[in-house]
**Q** 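Just passing along the structure, written as C-alpha cells.
Proteins come first, then strands; the chains are lettered A, B, ... in the order of their sequence lines, and each starts at number 1.
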2 protein chains.
Amino acid sequence: MAGQAQYEELARQLSAVGAVKRDLGRILPQDCSAGSAAVLALLGSHGDMRMSNLSELLAVDMSVTSRHAAHLADRGWIERSPDPADKRSRILHLTPEGHAMLVELSRRSAGLLAERLEDWTDAEVGQLIGLLTRLRASFGDCRTVAHRPPPPPSPRPPAPAVPAVPAGERTQTTRTPAQAT
Amino acid sequence: MAGQAQYEELARQLSAVGAVKRDLGRILPQDCSAGSAAVLALLGSHGDMRMSNLSELLAVDMSVTSRHAAHLADRGWIERSPDPADKRSRILHLTPEGHAMLVELSRRSAGLLAERLEDWTDAEVGQLIGLLTRLRASFGDCRTVAHRPPPPPSPRPPAPAVPAVPAGERTQTTRTPAQAT
DNA sequence: TATTGTTATACTCTATAACTATA
DNA sequence: TATAGTTATAGAGTATAACAATA
C-alpha cells in the first residue's frame, strides 16, 4: 500500500506518458495511424482473432475497433474472413502486406526507443515493461494477456475460434449497452 | 542496451497505457477534462508560471495550452495575470476554487489508483514512478522538470519571470513555426 | 431476446497556420 | 525581426446510440 502523495505522483507521470506516445506517433508512415499500428501489433503478436476479442485487448468499444479494422482492410493490410462457427463474427488476420507494414512499424518504433533510451540498461527496460504490464493487468484486464508465454515469431496458431478470454468479468467496455426503447 | 524485441514490447505496453488513462479519465467531474486536470496539477505542483512554460511541461503546442487555460479561466479555477516584466506574457495561477478542484481531482485519482493497485507494494509503485519519470526525461525533456526538488505545498515561489528551463534545446514543439510569407 | 458487428454523431486532444501585441 | 499568446480549422481517437444480421 502506497500513500496518497505517491498515487498522485503516479497519476501525473501516467498523464505525461502521452508526450512519449505522441513522439512515437510522429514517426509512423502516412496512412498508418497509431490506432492502426496497435491493431496490426496485436494481430501480429496474438494471431488471428475476432473483432470482439480485439476490442477487449485494446480496451476500447467495438465501434472503435470496427473503424480501425475497416481502415486496415481498405489498405489491404488485414482481411476479415467470416467465422464458420458464428456467421455474425469476422476473423481478422494479417495479409502479407500487413505483416510487412508491421515489420516496418516495429523497426521504426524500436529504433526510436533505442535512440532515446540508449543509456538504459537491458534490465531497466525490462523492469519498466514488467511494471507496465502489471499496471495494465491491475486495471481490470484480468482477461487481457500476460498469461500467455511471449509469442514467438513462428507460424501463428490456427486462429482460435473461441476468444482466449472468459469475456464475462468485465463491467462494461467493448459494448455499448443497447438501449431498451 | 536492450534488444529489438524488448523495444517492441515496450512500445506495445506504452500504447496500452492508454486504457489506464481512459479509466482515470472516467472519474473526472463534469466540466473538468483530463487536459484541464493536467494543467491544474502542474500549477499545483510547480507553482505559478507562464503559458510557454506550461506548454513545455505538458509537451504540447502553446495553442493547446491556451485553450485549456481559457477553459479553466472561464470556470474561475485559474487567473491569468499580466507579467510586469513582459507585457506579452501572462502568469497563470490557481484561484482558491481551482485549488479546491485540484484537491478533489487528486482525491479521486489517488482513490482509484489505490483501489486498482491495492496489491502493489509501496516500493513497486515508487519504482514505476521512477521509471516513468526517467522515461519522460529520456524523451527530450531535458528541460522539463525532475530537476527541482519535490515542490512542498508551502507558499509558492513568486513566479519566476524566467522559465525554469533553457527553452532552447528543443527541436520544435511548443511553438508553431511561423511561416515566412 | 441477446449478441456481433457496422455506421452516424458528438466530444476531447492535438497540431498547423494566421494574426495581434509586444520585445 | 522574433517572441508570447490567441483563435480558427482540421485530424485522430474514443464513446454513445441506433441498426442489421444472426444466435
**Q** Please tabulate, one pair per line, each protein N/O and nucleotide N/O from nucleotides 10-12 of chain D that are separated by under 3.5 Å, including the distance.
**A**
none

**Q** Please determine whether any donor N or O and acceptor N or O are separated by less than 3.5 Å between the side chain of B:S63 and the base of C:dT16.
**A** yes
**Q** Output the rounded distance in Å from CD1 (B:I91) to C1' (D:dA4).
**A**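 These atoms are roughly 11 Å apart.
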**Q** Heavy atoms only, 4.0 Å cut-off, all strands: where does B:S89 land among base, sugar-phosphate and nothing?
**A** sugar-phosphate
**Q** CG of A:L72 versus C1' of C:dG5: gap in Å, rounded?
**A** 16 Å
**Q** Distance check needed: C:dT14 C1' versus A:D23 CG, whole Å only.
**A**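 It is 13 Å, rounded to the nearest whole Å.
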**Q** Would you kindly give the CZ-to-P distance between A:R50 and C:dT6, to the nearest whole Å?
**A** 12 Å
**Q** To the nearest angstrom, how far is A:D83 atom CG from C:dT3 atom C1'?
**A** 13 Å
**Q** What's the CE-C1' distance between B:M62 and C:dC19, to the nearest Å?
**A**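 In whole Å, C:dC19 C1' and B:M62 CE are 13 Å from each other.
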**Q** I need the CZ-P distance between B:R90 and C:dT22, as an integer number of Å.
**A** 12 Å
**Q** Compare the minimum distances between each of C:dT14, D:dA4, D:dA15 and the side chain of B:R22, then state the nucleotide with the smallest one.
**A** D:dA15
**Q** Need to verify one output field. Residue with the more 5' nearest nucleotide on DNA chain C, B:D86 or B:H68?
**A** B:H68
**Q** Give the cluster check for B:L10 versus A:I27: same hydrophobic cluster or not, with ILVMFWY residues linked at side-chain heavy-atom distances below 4.5 Å.
**A** yes
**Q** Between B:K87 (NZ) and C:dT22 (P), how many Å, whole number?
**A** 8 Å
**Q** Nearest nucleotide by nearest heavy atom, which residue falls closer to the 5' end of DNA chain C, A:A70 or A:R88?
**A**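 It is A:R88, whose closest nucleotide lies nearer the 5' terminus.
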